[in-house]
Amino acid sequence: MRRRRAGGRTMVERASKFVLVVAGSVCFMLILYQYAGPGLSLGAPGGRAPPDDLDLFPTPDPHYEKKYYFPVRELERSLRFDMKGDDVIVFLHIQKTGGTTFGRHLVQNVRLEVPCDCRPGQKKCTCYRPNRRETWLFSRFSTGWSCGLHADWTELTNCVPGVLDRRDPAALRTPRKFYYITLLRDPVSRYLSEWRHVQRGATWKTSLHMCDGRTPTPEELPPCYEGTDWSGCTLQEFMDCPYNLANNRQVRMLADLSLVGCYNLSFIPEGKRAQLLLESAKKNLRGMAFFGLTEFQRKTQYLFERTFNLKFIRPFMQYNSTRAGGVEVDEDTIRRIEELNDLDMQLYDYAKDLFQQRYQYKRQLERREQRLKSREERLLHRAKEALPREDAEEPGRVPTEDYMSHIIEKW
């Protein structure tokens, strides 16, 4: 009888000790987690990002010198884009900025719960929300040129809401939230690329250029050529046309043209018009949810993914050999192109600095979070390894009843 009681008491003591060890471990882990890193979620082992995220995006240049001051609110671009709600991404596609490639990325390369339906032979894809048959993307490859061929900021902001209301009448009950995005390109390269495109027969003459409810008159926007197109034009002829919309195209397409009387050049003096256009383009660019640069494809991908919390399936590729890259021009010609695109040159310089600062800010923020996660996981790992060693039973030694009672009282 005594042996049975002694054996039963030993089993109870061991069970009690096991419960105490488990309870103590849980409490210790909770306390440690509270002090080590509240609000942080655990990532990959060791706090490291997945290998593709480590190697895919370039390291920010530590020697980059900022040209402009931007407050933190201009650098933070983490939006709560609600694809199941009423949010819409609107892509402003400026000619010869790589917009066609980027537009295809949006409909074919984004990892979505319900991917866009892109069928062979069709120019447009159907991009519905996961929970209803309503589009979340307004772009060339999803809705077509619904506001006109290569519609600019002035046209899109006045046209998009009405177009979507007609397409999806049921959505009239709740207001939509529009997130405008665009791409910019080095002005000289973009200009040369447009010239080559026009030289091959492109005209974009079906563009509407709607502003303040009307299209420009022939006197306000005279053509640069006679006939059906301007194919075969030389670069000199292209530069000599004073009405060429290729000049400062990026500023014109991003500015609010209503501020300067649309295409009526006599509305305000030329110098004031140019300054108003540039400042308006800068303001609208800052206010956009996202913009990328053709010369920085991987950084463009990175910022888009972090802005909208969407992931691309395949990484962006940087193509340095473009049609513009194959054009050999002398220094005098380059200077002439820069003069013709002086506003675009200023805008691109401004946009490039804002883009680089946003990238640098995001990467530094992400690395800081990764370091905190890594530190947190190291502390948790050490705590997990330390607990069993501290509470391990010494061989041949069994805790007495008095010792266990003392521990329980202290607990």
Side-chain angles (χ1 to χ4, degrees), residues 47-79 94 97-99 101-102 105 180-191 193 248 250-251 254 278-279 281-312 315-322 324-325 331 334-335 337-338 341-374:
R48 294 188 296 271
D52 56 339
D53 271 359
L54 278 177
D55 304 325
L56 183 60
F57 303 110
T59 303
D61 182 6
H63 305 293
Y64 179 76
E65 295 183 6
K66 303 174 183 178
K67 294 184 178 180
Y68 301 90
Y69 167 76
F70 297 104
V72 173
R73 68 175 179 274
E74 298 289 355
L75 304 180
E76 288 179 331
R77 275 296 185 273
S78 297
L79 309 174
I94 301 174
T97 59
T101 300
F102 185 77
H105 278 306
Y180 284 82
I181 64 175
T182 193
L183 288 184
L184 296 180
R185 185 180 180 185
D186 168 71
V188 174
S189 297
R190 199 213 64 78
Y191 190 86
S193 183
N248 293 311
Q250 296 180 97
V251 164
L254 288 175
L278 179 59
E279 292 306 317
K282 287 180 178 180
K283 177 185 175 183
N284 292 336
L285 188 71
R286 287 195 312 269
M288 283 184 164
F290 160 84
F291 73 88
L293 299 181
T294 310
E295 289 76 17
F296 302 95
Q297 290 292 315
R298 292 289 172 86
K299 291 182 178 180
T300 294
Q301 176 186 348
Y302 176 90
L303 286 176
F304 181 90
E305 291 181 343
R306 270 62 179 179
T307 299
F308 290 100
N309 197 26
L310 295 171
K311 290 287 186 180
F312 289 102
F316 287 15
M317 301 299 293
Q318 186 71 55
Y319 296 107
N320 294 321
S321 56
T322 62
E331 291 297 324
I334 292 176
R335 279 194 294 271
I337 294 173
E338 290 175 345
N341 293 273
D342 178 59
L343 298 182
D344 271 12
M345 295 294 292
Q346 293 182 62
L347 176 67
Y348 186 78
D349 183 67
Y350 180 85
K352 185 177 178 181
D353 191 55
L354 176 56
F355 178 87
Q356 296 286 17
Q357 287 195 44
R358 282 182 178 174
Y359 182 77
Q360 202 165 38
Y361 177 83
K362 283 285 186 185
R363 285 301 301 266
Q364 289 174 351
L365 199 64
E366 195 169 77
R367 289 189 173 190
R368 190 181 306 132
E369 290 174 354
Q370 287 178 354
R371 285 196 297 268
L372 287 173
K373 287 180 182 180
S374 179

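This structure is a prediction, so every number in the text was calculated from the model and none was measured.
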Trainee: Hey, mind stepping through Thr59 and Arg367 against side chain to side chain contact (heavy atoms under 4.5 Å, CB included) and telling me if it holds?
Mentor: CA-CA 11 Å; Thr59 303; Arg367 289 189 173 190; 3.7 Å; yes
Trainee: Looking only at heavy atoms, what is the nearest atom pair of Leu254 and Leu184, with distance?
Mentor: CD1-CD2, 3.8 Å
Trainee: Does the Lys NZ or Arg CZ of Arg77 fall within the cation-pi geometry relative to Phe290 - under 6.0 Å from the ring centre and within 45° of the axis?
Mentor: no
Trainee: When rounded to the nearest 0.5 angstrom, what is the spacing between CG in Leu365 and CZ in Arg363?
Mentor: 12.0 Å
Trainee: Apply the test side chain to side chain contact (heavy atoms under 4.5 Å, CB included) to residues Ile181 and Phe102: give CA-CA distance (whole Å), side-chain angles for both, the deciding distance (0.1 Å), then the verdict.
Mentor: CA-CA 11 Å; Ile181 64 175; Phe102 185 77; 3.8 Å; yes
Trainee: Run the side chain to side chain contact (heavy atoms under 4.5 Å, CB included) check on Glu305 and Phe57 step by step: do they pass?
Mentor: CA-CA 12 Å; Glu305 291 181 343; Phe57 303 110; 3.7 Å; yes
Trainee: Tell me, do Lys282 and Leu347 make a side-chain contact under 4.5 Å, heavy atoms counted?
Mentor: yes
Trainee: Apply side chain to side chain contact (heavy atoms under 4.5 Å, CB included) to Tyr361 and Val72, showing your working.
Mentor: CA-CA 9 Å; Tyr361 177 83; Val72 173; 3.5 Å; yes
Trainee: Got Glu76 and Arg358 here, is their nearest side-chain heavy-atom distance under 4.5 Å?
Mentor: no
Trainee: Is there side-chain contact between Leu278 and Tyr350, with heavy atoms separated by less than 4.5 Å?
Mentor: no
Trainee: Kindly compute the distance separating CZ (Arg73) from CZ (Arg286), expressed to the nearest 0.5 Å.
Mentor: 9.0 Å
Trainee: Mark yes when over 12 heavy atoms from residues, nucleotides or ligands other than Asp349 sit less than 6.0 Å from its CG; otherwise mark no.
Mentor: yes
Trainee: Please tell me if the side chains of Asn341 and Tyr348 come closer than 4.5 Å, counting only heavy atoms from C-beta onward.
Mentor: no
Trainee: Quick one: are Asn284 and Tyr180 in side-chain contact, heavy atoms under 4.5 Å?
Mentor: no
Trainee: Are the side chains of Thr294 and Asp186 in contact, using a 4.5 Å heavy-atom criterion?
Mentor: no
Trainee: Using modelled atom types only, decide if a donor and an acceptor are shared between the side chain of Gln250 and the backbone of Arg185 within a distance under 3.5 Å.
Mentor: yes
Trainee: Nearest 0.5 Å please: distance from the OG1 atom of Thr101 over to the CE atom of Met317.
Mentor: 12.0 Å
Trainee: Are the side chains of Tyr359 and Pro58 in touch, meaning some heavy atoms are under 4.5 Å apart?
Mentor: yes
Trainee: What's the shortest heavy-atom distance between Leu285 and Ala351, and which atoms?
Mentor: CD2-CB, 3.5 Å
Trainee: Please name the residue in the list Thr300, Leu354, Leu303, Leu183 that meets the side chain to side chain contact (heavy atoms under 4.5 Å, CB included) test with Phe291.
Mentor: Leu354
Trainee: Lys66 and Asp353: which non-hydrogen atoms are nearest, and at how many Å?
Mentor: CA-OD1, 3.7 Å
Trainee: For residues Phe308 and Ala289, report the shortest heavy-atom separation together with the two atoms involved.
Mentor: CZ-CB, 3.8 Å
Trainee: Before accepting this row, confirm whether a basic side-chain N of the pair Glu295/Lys352 lies closer than 4.0 Å to the acidic partner's carboxylate O.
Mentor: no
Trainee: Is there a donor-acceptor pair under 3.5 Å between the side chain of Asp344 and the backbone N or O of Val251?
Mentor: yes
Trainee: Have a look at Glu366 and tell me which of Lys362, Gln364, Gln370 forms a side chain to side chain contact (heavy atoms under 4.5 Å, CB included) with it.
Mentor: Gln370
Trainee: Does Glu338 reach the side chain of Pro187, with side-chain heavy atoms less than 4.5 Å apart?
Mentor: no
Trainee: How long is the straight-line distance from CZ of Arg306 back to CD of Gln301, given to the nearest 0.5 Å?
Mentor: 8.5 Å
Trainee: Given 3.5 Å as the limit, does a donor-acceptor pair link the side chain of Gln357 with the main chain of Glu74, or not?
Mentor: no
